[in-house]
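These notes concern the structure reproduced below.
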Amino acid sequence: MTESKTESIYEEEKSKVTKEHADLGAWDAGEKAEIVEQVAVDDHRDGELTLDDLQHMHEEDLDIVNVDKIVGTTDDTTLNAFTFRAVLLSALMAALGASVAQLMYFKPVGTALSNTFVLMISYVVLTLWAKYLPSGGWLNPHPFNHKEFACIYVAVNAANTSAYATYILSAQALYYNAQPSEAGAFFLILATQMVGYGIAGQLRRFLVFPANMIWPQALPTVTMIKTLVNEDSNYTQKRAKYFFILFGCAFVYEFIPQYMFPLLGSFSIFCLANDHSVWFTWIFGGSSVNEGLGILSLSFDWNLLSYYYPLILPLWVQLNIYTGILILWLAAPLIYYTGIWDAQLFPFLSNAIWAVNQTDGTAMVYPQKKILTADNEINDTALNEIGNPRYAAVLALSYVVINMGVTASISHVALFYGKQIWGIFRNIGKGTGRDDIHNKLMANYKEVPTWWYYVVYLLGLAINIGLAYANHSGLPWWGVIFAVLLSTVLSLPLNLINAVTGTGFGLNVVAELIFGLIRPGYPVANMYFKTLGYNTLSQAGVMGQDLKVGHYMKVPPRLTFGFQLWGTLIGSIFNYIVNISIINSKRDILLDQKGGNNIWSGAGAQTINSAAITWGGIGPIRMFGLDTPYSIVLWAFIIGFFAPVPGYVLHRFFPKIGFNKINTPMILVGLATLPGANSSWITVSFVVIIMSQWFMKRRHREWFVNYNYLTSAALDSGTSLMVFFLAFAVFGGGSGVAYNFPTWWGNRIDADAPYVDHCCLTCTEDQLAML
C-alpha cells in the first residue's frame with residue numbers, strides 16, 4: 001500500500017467516522033495508525049496474505065483474518081440444527097463433560113475433557129446413526145451438519161465445567177458443620193448459573209457482535225466443527241485422521257508420566273544435583289501443588305503443560321502473562337528472604353490459613369472450628385484469644401495481585417476500548433454498527449427477544465433468594481440482590497478482557513470484600529454472596545462465548561439459547577454427584593495442610609475456606625485495616641485502577657511501538673499463578689508458545705490455520721481422557737482404593753520422598769518441617 005493511498009484512505013475514513021462520532025474528540029497519530037492498519041486487514045479478509053503481510057500485521061488483526069479463514073464467510077440458511085439426535089447426544093456428552101470437569105477440580109493441574117473431543121465422539125456416533133438408522137422422519141431426518149454440532153457444543157460447554165457453587169459446597173463439607181440438603185445443594189449449583197444468562201443477553205452488542213471480540217478459547221471448537229463437516233470429503237478425512245492419530249498417541253503416552261514415570265512431568269536438574277536443599281526445592285521444584293516456583297524445571301506431560309493454553313492464547317497475551325510469572329519468580333524469594341509479612345514463620349507456598357503459637361512463636365494450622373459457633377458465626381472471645389489468621393507470604397501477595405487485577409481490568413477496558421463501547425451505546429436502536437460479514441449473515445435469523453433473558457434473570461434471582469434461607473446460609477434477601485447487581489454492572493469490563501485475551505480475573509475477591517465490610521462475622525454467608533457475585537459474571541462470559549460460536553457457525557440464536565439452558569441442567573446434576581463422591585472418598589488428602597499430593601488436590605477448597613474466614617468471618621477491616629500487616633491488600637484496589645495508565649500514555653505518545661499490547665490485567669494473571677498449582681510446566685510451555693503462536697503463526701500460516709487448534713484439541717482430549725481413566729481405575733477416585741505403580745527412581749511416591757522430582761529427597765527432619 002503506497003503512502004499516497006494510505007493518506008487518501010485515512011482522510012476518507014476520518015471523514016466517515018467523524019460524522020458518526022463527532023463527540024469523540026480529535027484524532028491523533030495513534031488513531032490514524034489504527035485506521036490504516038484496519039483498512040489493510042479489511043483488504044485482505046477475502047484475499048491472500050503474503051509473508052511480508054504476516055510479519056508486519058498486528059497480532060489482533062491477524063487473529064481476525066485467521067478467524068475468517070477458519071470460519072468462512074458464507075451460510076446455508078436451509079440447514080436444520082434442532083433434531084432429536086442433537087438433543088440426546090448433547091445430554092449424554094454434557095453428563096460426561098460435567099463429571100470429568102468436577103473430578104479435575106480435585107487434581108493438582110486439572111485438564112477437563114475438551115469440548116472438541118466430545119464433539120469427536122458425537123461425530124462417530126452420528127456417522128453410525130446416519131449410516132445404519134432408516135433415513136427420513138424425526139429419528140434420522142437428514143445428513144448431520146455443522147449447525148447440529150455447534151448446538152451440541154453449546155450444551156457441552158455449559159456443562160463441561162466445575163460450577164463455582166460446588167467450590168462452596170466442597171468447603172462446607174470439609175470445614176463446616178451445617179450443610180445444605182441434597183435438593184438445596186443441587187438447586188444452588190443450577191440457580192447460580194441461570195442469572196448470568198440474563199446478563200449475557202444484554203451484552204451481545206459488546207461481547208459477541210464486534211469482530212475483535214475473538215474469544216480465543218472458542219477457536220479449537222470452531223476448527224473442529226469445520227473439520228468434521230466439510231463439503232470436501234478428502235479435506236475432512238485428512239484432518240480427522242490427523243486428529244485421531246494425535247489423540248491416540250496422547251492417550252497412550254499420558255499413561256507414562258501420570259502413572260509409570262511421574263518424573264517426566266517435573267524433571268528438575270537442579271534438584272537431582274542437590275536433593276538436600278530446602279531452597280533448591282522452593283526455587284526449582286514444581287512437581288506437586290505448592291512445592292516451589294518450578295524455575296527451569298522441565299515437564300513432558302501435556303496435562304501440566306496446558307495450564308495456560310499454549311496453543312490457543314495469542315502470543316501477545318502469553319508474553320504479558322509470562323512477564324507476570326517472571327516478576328513472581330523474582331518477588332517470591334525476596335519476600336520470603338527479607339521476612340515481609342513474617343514470611344519465614346510460614347511455609348514458602350501455601351493456601352492454608354495459619355496462627356502463631358503465643359507460647360513458642362511457631363506457626364500452626366489455624367484452629368478455625370474453635371472460633372466458630374454452632375451457627376457458623378464468629379465467636380469474638382475465642383478469636384481474641386487465638387488471634388487473626390495469617391497467610392503464607394506468597395498467598396498474601398496473590399491477594400494483592402488479584403485485587404489489583406479486578407480494578408486494572410476496569411480501567412484497561414475504559415482506556416483501550418472505551419471509544420468502541422461508547423460508539424456501540426450511541427448506536428443502540430439505530431440499526432448500525434453491525435456491518436461485519438458475520439453480523440450480516442446472522443441477520444437472516446430471529447434474535448432472542450430481550451424479555452427471554454429477563455425472565456431467566458429474574459427467575460434465577462428469585463430461586464437464589466429462597467435458597468439463601470432454605471440452606472441456612474445467613475445471607476439476607478438484600479444480599480442476594482446486591483451480589484447479582486454487582487455482577488451485572490461489572491460483567492462488561494471483566495468479560496470483555498476475556499473475550500479479547502482468552503483469560504482474566506473474576507469478581508470473587510471484590511465480592512468477599514464488599515460483603516465482609518457490610519456484614520462481618522458470617523463466613524458462610526460471605527461464601528454465598530461471593531458465589532452469586534462471581535458465578536453470575538462467569539456464566540455471562542460462558543454464554544457470551546457460546547453466542548460467539550453460534551455466531552461463527554450461523555446457528556439461530558434461539559437454538560443457542562435453548563441448548564445453553566439444557567446443558568446447564570445436565571451439568572448441574574453430574575457436578576453434584578461427582579463432587580460429593582470425591583469429598584467422601586478422599587477427605588483426609590483434601591484436608592492436608594500442604595494442599596494434597598501429586599494426584600489429589602484440596603488447594604481449591606482450602607483457598608475458598610481461607611477467604612471465607614478472613615474476608616467473611618473476621619472481616620476486611622480487622623484483617624486488612626490500616627493497623628494490620630495486610631493493609632496493602634485493600635490499597636491494591638486503588639493501585640490496580642491506575643496501573644494501566646502508564647502503558648496507555650506511552651501508547652498515545654508512541655503509537656507505532658506497540659505499547660498498546662502492554663496488558664496490565666494479563667501481567668497480573670501471571671503474577672497470581674501461585675500458590676495453589678503445580679509449576680513444573682512453565683519453561684517448556686513457553687517453548688511451545690513460541691513455536692506455535694510466533695513461528696508457525698507467522699511463517700507457516702496455512703498449517704497454523706488448519707492444524708494448530710486441531711492439535712490443541714487432540715492433545716487436550718487424549719490427555720484428559722487418560723487422566724480421567726487413571727483417576728478412577730488406579731488412583732481410587734471411584735472405589736477409594738489406590739493401586740500405585742511400584743516405586744522406582746522415576747516414581748518416588750514412597751514415604752521417604754516428599755516429592756516425585758527428588759527435591760529435598762535427603763533432607764533432614766528439621767528441613768522437611770520447613771516445607
For the ring pair (Phe, Tyr, Trp, His ring centres under 6.0 Å) test, which of Tyr308, Phe686, Tyr307 pairs with Tyr322?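 Considering Tyr308, Phe686, Tyr307, a ring pair (Phe, Tyr, Trp, His ring centres under 6.0 Å) with Tyr322 is found only for Phe686.
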Taking ring pair (Phe, Tyr, Trp, His ring centres under 6.0 Å) as the criterion, tell me which of Trp341, Trp354, Tyr399 meets it with Tyr391. Tyr399
Polar side-chain atom of [X] near backbone of [Y] as donor-acceptor pair, under 3.5 Å:
X      : Y      : result
Ser398 : Leu395 : yes
Thr362 : Asn357 : no
Gln693 : Met691 : no

Under a plain distance cut-off of 3.5 Å, with no hydrogens placed, do [Y] and [X] share a side-chain donor-acceptor pair?
X      : Y      : value
Asn678 : Ser680 : yes
Asp301 : Ser299 : no
Asp275 : Thr762 : yes
Arg390 : Tyr630 : yes

Can we call the ring centroids of Phe515 and Trp615 under 6.0 Å apart?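 For Phe515 and Trp615, the ring centres are not under 6.0 Å apart.
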Can you list the residues that meet the ring-ring contact (aromatic ring centres under 6.0 Å, His included) rule with Trp635, with sequence neighbours excluded?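 Per chain and number, Trp635 pairs via ring-ring contact (aromatic ring centres under 6.0 Å, His included) with no residue.
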Residues that Tyr164 engages under ring-ring contact (aromatic ring centres under 6.0 Å, His included), provided they are two or more places apart: Tyr167, Tyr534
So do Cys271 and Cys759 have their SG atoms closer than 2.5 Å? yes
Distance (rounded to the nearest 0.5 Å) between His412 NE2 and Thr501 OG1: 8.5 Å
Atom pair CD1 (Ile325) and CG (Leu674), whose distance is rounded to the nearest 0.5 Å: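 Answer rounded to 0.5 Å: 8.0 Å.
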Tell me, please, which residues at least two apart from [X] pass salt bridge (Lys or Arg N to Asp or Glu O under 4.0 Å).
X      : value
Asp380 : none
Arg519 : none
Glu512 : Lys530
Arg622 : none

Just to verify, which of [options] counts as forming a side chain to side chain contact (heavy atoms under 4.5 Å, CB included) with [X]?
X      : options                        : value
Tyr366 : Asn609, Ile386, Asn388         : Ile386
Thr166 : Asn579, Val578, Thr531, Ile580 : Asn579
Leu293 : Trp282, Phe348, Phe284         : Phe348

Please work out which of the three classes, parallel, tilted or perpendicular, describes the rings of Tyr336 and Trp279, given edges at 30° and 60°.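 The rings of Trp279 and Tyr336 stand perpendicular, inter-plane angle above 60°.
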